[in-house]
Every structure is written in C-alpha cells, then in structure tokens.
Amino acid sequence: RYRLPALVVPQHPRSAPSESRAHPDTPCGVRPGADATAGDPRYREDVTLPAWLSAHRAAVFDASLAAALAVLSVSLVVGTVDDPVERVVGSVLVVLHVAPLAVRRRWPEAVLVAMVVTGLVYVSLGFVFVGLGAAMVVAVYTVAARCPRRRAVVLLAVATVAMAVAVALTGSGLATVIGNVAVFGA
C-alpha cells in the first residue's frame, strides 16, 4: 500500500508558545530579529544604514523634504507666471520660503516665523500664493507637533491671521479665505 507523507500544519499564532508571540515593546508587536537567521552576520549588514546616515536620518529627511517642496513650489511659479524676470524673482522667493524646512525639527518656531515673513513678501509682490501652501502645512504641523501647546497655539494663530490677510490682499473670495483658515486652524 501507498502511504501519504505526514503533513506539517503550522500552528496558529495565538496557539504558539509565549516566546514567539508578539513583542509588547515594539510597533506592531513584532519581535526584534524575528525574521533574521540566527547567527548569520550578513543579515545585519544588509539591512542597516551606513553609520553617518543612521545618525543623521532626520536631517537628511528634512533636507530632502525641503528640496522636494522647493521643486514643487518652483514648478508652480513657473506654471503661473509668464514674465521671465518675474519667474526668476518668484522662484528665488519660494526657494527662500521653503529652505527653512531643512531645519524644521531643530527650530520649528523660527522656521514658521521665517516662512510667514517670506510668504507675506511673496504675496505682497503680487505672486499667487498657491505655491506656498504645501510647505506652510509642513511648518504648521511641525510647530503643532514639537512645541509646547500654549506657544504652538499662539504661533499658529499668528500664522493663520497672516495667511488670511495675505489671501484677502490677493483679492480672493471669502470662501478661499475661510477654507484656508479652516485648513490652518485644524
């Protein structure tokens, strides 16, 4: 007679021994090294970042974010401004507006103030404010997330009022002002 080989049925995770259950101290409950081959030195080398990048991960991310938002903002200026001289002036202003985001975690309050000032200068020169929005949202979020609540509320209120004044000065309708205040106020 022919016999079928025994089937190996994996255990359900909830019925596994306690040492293989989810680790309580990690996000998503995954045990550190759960997928690593025991004793394989290549594993750690393959998944770790270079030492410099690992030590400066936040700064590299912030600089990359600032660069990406600068490209987005400059492309919006180039797409909305017809005069070549005004394009250059507008592009320089939006780069100056977005550049402080590279140090947003270290000095969130100064970054927001600098961005409000450059944004007001940009709008006062007659440029359309749409190129500033994404970067301002990041600065507002950073202040809300990293500053003490009272100071953050004051700074965000000042930024919201400045933004509402800037939008109103461009001749936008009341709906635009209210919509932007709602986004910044949230």
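Sequential numbering from 1 along the given sequence is applied to the chain's residues.
- Between M136 and L112, some side-chain heavy-atom pair lies under the 4.5 Å cut-off.
- L96 and Y122 are not part of a single hydrophobic cluster, where members link through side-chain heavy atoms under 4.5 Å apart.
- In the hydrophobic clustering of ILVMFWY residues, with side-chain heavy atoms under 4.5 Å counting as a link, V153 and L155 come out apart.
- Residues R146 and P108 share a closest heavy-atom pair of CB-CG, 4.2 Å.
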Query raised in the report: side-chain contact (heavy atoms from CB on, under 4.5 Å) between L132 and F127: does it pass, once the steps are laid out?
Result: CA-CA 10 Å; L132 309 178; F127 292 102; over 6 Å; no
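- Looking only at side-chain heavy atoms (C-beta outward), V138 and L65 come within less than 4.5 Å of each other.
- Here the options are L101, V137, V74, V94, the test is side-chain contact (heavy atoms from CB on, under 4.5 Å), and the partner is L69; only L101 passes.
- Residues P100 and A114 approach most closely at CG-CB, 4.2 Å, considering heavy atoms.
- When every heavy atom of A70 is checked against every heavy atom of V98, the shortest pair comes out as N-CG1, 3.6 Å.
- In this structure, A139 and V111 approach most closely via the heavy-atom pair CB-CG1, 4.5 Å.
- Shortest non-hydrogen contact noted between R87 and V77 is O-CG1, 3.9 Å.
- With hydrophobic clusters built from ILVMFWY side chains whose heavy atoms lie under 4.5 angstrom apart, L72 shares a cluster with F61.
- Using a 4.5 Å cut-off between side-chain heavy atoms of Ile, Leu, Val, Met, Phe, Trp and Tyr, with links allowed through other members, V78 and V123 fall into the same hydrophobic cluster.
- Side-chain atoms of V140 and L156, non-hydrogen and from C-beta on, do get closer than 4.5 Å to each other.
- Note that the CZ atom of R57 and the CG atom of D62 stand 13.0 Å from one another [nearest 0.5 Å].
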Requested in this report: Under the side-chain contact (heavy atoms from CB on, under 4.5 Å) rule, what do C147 and E109 come out as? Steps first, then yes or no, please.
Outcome: CA-CA 8 Å; C147 294; E109 298 157 344; 3.5 Å; yes
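- Within the 4.5 Å cutoff, the side chain of V116 has no heavy atoms near those of the V158 side chain.
- With rounding to the nearest 0.5 angstrom, the NE2 atom of H97 is 9.5 Å from the CG atom of L120.
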Query raised in the report: Would V89 and V81 satisfy side-chain contact (heavy atoms from CB on, under 4.5 Å), going step by step from the backbone distance to the final call?
Result: CA-CA 10 Å; V89 171; V81 177; over 6 Å; no
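- One hydrophobic cluster, built from ILVMFWY side chains closer than 4.5 Å, cannot hold both V71 and L76; they sit in different ones.
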